[in-house]
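In what follows, a structure is listed as structure tokens, so that the remarks can point back to it.
Just so it is clear, the values below take in all heavy atoms, side chains as well, and ignore hydrogens, waters and symmetry mates. Chain naming here is simple, since letters A, B, ... match the order of the sequence lines and numbering starts at 1 in each.
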Amino acid sequence: MISEPAVPDSARAAFIAGALSCAPVALGVLVYGLVFGALAAQAGLSLGETATMNAIVFAGSAQFVALGLWAMPPPIVALSVATFLINFRFFLMAATMGPVLRGWSRPRALLALLWVTDENWAITMAEGERRHWGAFFLGTGAVLYVTWLAAGVIGHGLGAVVADPKRWGLDFAFTVVFLTLAVGLARRRRAPLMWIVSAGAALLADRLLSGTMLGSSAPVLVGGLAGAAVAALTPRGADAA
Amino acid sequence: MQPEVLLAFLAMAAVSYLIRVAGFLVGGRLHEHPRLRAALDQLPAAILIALVAPKLLHGAPAEWLAAVAVIGIAWFVDLLLIPLVVGVAAVVVLRGIL
């Protein structure tokens, strides 16, 4: 895509620079992807299904949550709602992509948005405005996309080997991943009231709504919205730019 | 692959993608609404906390102790790999002891 003749060499250099600067993060995504693949196998997804999901959804957190909700037939409404809530942050990230993709044709810019994810978006923003910023962004996205796809497939294979995930503590890996991501986000934005309200609302929903149609997604929806409401209503939230 | 499975993936992909397209098209306008922006900003953290809280409550002391270790490490280390390895190793050891 980037190697079309109309693109000058400097765009290619920016693409490579983006890919290289994303390499350390790719290591984290690799482990994350291996765990995802193993858990996908555990949740009953075939290798082909896991690869397909990684290729077309390409959204780590939402995919982990999807495994938690997974059943046959898949609860499409619950999966879509959970995906919407978890990935709604992409709305804001994509809103900042205008300068990155400046000068691109509308179809190409819209296509590039497929690769907006937390890690490579952050690296692209940290790089700051530069020549061929869009190509740089594509480089970061390409590395994470390939890593995520490969790690899921390998992890799925390893997952099938691990007969008893509990023995290896792999069942706890889910919790560790969520906890680590939550701590990382919480550390960057201190909002203790929001954390308490989210956790409290989630536990309440877990107790009261776990038998309903929402099932295990109820704590995510209720806790997530309660926490966001607190962020909107506290003066501190209004101050944060 | 069963059609319902592919349909579920496509629904998730479409939702994720349309959010990005909408965000891109709306552009910087949301930044003018600080409260809404603050809410959206905190939503991922709120969701992750909401996700992990019931999991921990349903766990045993081995999980709780390992979770404390994970929180401590994750607070200081950005790389997911380290809390992941320590957390999983800790829970295996603690389950053996407790």
Measure the shortest side-chain to side-chain distance between [X] and [Y] over non-hydrogen atoms and say whether it is less than 4.5 angstrom.
X: Phe9(B); Y: Leu45(A); answer: yes
X: Lys55(B); Y: Asp206(A); answer: no
X: Thr52(A); Y: Met1(B); answer: yes
X: Val21(B); Y: Leu113(A); answer: yes
X: Met97(A); Y: Arg20(B); answer: no
X: Val116(A); Y: Phe24(B); answer: no
X: Met53(A); Y: Val5(B); answer: no
X: Tyr17(B); Y: Leu110(A); answer: yes

Item to check | Any residue meeting ring pair (Phe, Tyr, Trp, His ring centres under 6.0 Å) with Phe36(A), in chain and number order, not counting sequence neighbours | outcome: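 Ring pair (Phe, Tyr, Trp, His ring centres under 6.0 Å) check on Phe36(A) returns Phe64(A), Trp148(A).
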
Measure [X] against the heavy atoms of chain B and call it side chain, backbone, both or neither at under 4.5 Å.
X: Leu30(A); answer: neither
X: Ala201(A); answer: neither
X: Leu34(A); answer: neither
X: Ser80(A); answer: both

For [X] and [Y], work out which heavy atoms get closest and say how close.
X: Ala50(B); Y: Gly223(A); answer: CB-CA, 3.6 Å
X: Val176(A); Y: Leu84(B); answer: CG1-CA, 3.6 Å
X: Arg95(B); Y: Phe172(A); answer: NH2-CB, 4.3 Å
X: Met12(B); Y: Ala62(A); answer: CE-O, 3.7 Å
X: Leu79(A); Y: Ala8(B); answer: CD1-CB, 3.9 Å

Checklist entry - In Å, rounded to the nearest 0.5 Å, how long is the span from CH2 of Trp195(A) to CD1 of Ile49(B)? => result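 The distance works out to 7.0 Å.
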
Next on the checklist: For the interface with chain A, which of Ala14(B), Ala11(B), Ala22(B) has the highest count of heavy-atom pairs at distances below 4.5 Å?
Outcome noted: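 Option with the top pair count is Ala22(B).
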
Next on the checklist: Quick check for you: among Leu7(B), Leu18(B), Val70(B), which has the greatest number of heavy-atom pairs under 4.5 Å with chain A?
Outcome noted: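 That would be Val70(B).
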
Checklist entry - Quick one: side-chain hydrogen bond (donor to acceptor under 3.5 Å, both in side chains) partners of Thr83(A), sequence neighbours excluded? => result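 Result, side-chain hydrogen bond (donor to acceptor under 3.5 Å, both in side chains) vs Thr83(A): none returned.
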
Item to check | Structural part of Ile71(B) lying under 4.5 Å from a heavy atom of chain A | outcome: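 Looking at Ile71(B), backbone and side chain both touch chain A.
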
